[in-house]
Amino acid sequence: MSLLNSTTTPTADAIKKALQDLNPQYLDLINESMSHAGYFEGKESHFKLTIVSDDFIGKRLVARHQLVYTLVAELLTSQGGNVHALAIHAYTPEEWQSQGVSPESPNCAGQNKV
């Protein structure tokens, strides 16, 4: 697994640990909380995930997202966790080889601070 520019904090670490069940070939997790309303130092509520796994082969986008959400469910605010938003970019190794980069995140609809 390759980690690049990944956030290292308690919630981010828990997300990365939960995703190990997908045997990722590449995993990049970025805390984007500072770009959203209500940010304070150390907040872990908004993340951008780029993940590459053979487990996504033959699966449509919604099925890939469901796999990820199932693994991180207890970390989501809907289940009592801290994560309000998780932007998922899930690729097969072949797709990632031709793409090689995740799309930019959109601006926060609320109060974008960047």
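The first residue of the sequence shown is numbered 1, and numbering continues consecutively from there. Quick caveat, the model's predicted, so the values are computed rather than measured.
Between Val68 and Leu86, the closest side-chain pair of non-hydrogen atoms falls below 4.5 Å. A heavy-atom distance below 4.5 Å is found between the side chains of Leu22 and Leu67. At a threshold of 4.5 Å between non-hydrogen side-chain atoms, the residues Leu19 and Leu49 count as touching. A 4.5 Å side-chain heavy-atom check between Arg64 and Ile51 finds every atom pair outside the cut-off.
For the atom pair OH of Tyr91 and CG of Leu61, the computed distance is 9.5 Å after rounding to the nearest 0.5 Å. The line from NE2 of His89 to CH2 of Trp96 is 9.5 Å long, rounded to the nearest 0.5 Å. Once rounded to the nearest 0.5 Å, the distance linking CG of Leu71 with CD of Gln66 reads 12.0 Å. To the nearest 0.5 Å, the span separating CD1 on Ile30 from OG1 on Thr50 amounts to 6.5 Å. Of the inter-residue distances, the one linking Leu29 atom CG with Ile15 atom CD1 reads 5.0 Å to the nearest 0.5 angstrom.
Residues Pro24 and Ser53 approach most closely at CA-CB, 4.4 Å, considering heavy atoms. Nearest heavy atoms, Leu27 versus Gln20: CD1-NE2, 4.3 Å.
No side-chain donor-acceptor contact under 3.5 Å links Gln79 to the backbone of Leu75.
A continuous path of Ile, Leu, Val, Met, Phe, Trp and Tyr side chains, each step under 4.5 Å between heavy atoms, connects Val83 with Tyr69, placing both in one hydrophobic cluster.
Atom CD of Glu95 has more than 12 neighbouring heavy atoms from other residues, nucleotides or ligands inside a 6.0 Å radius.
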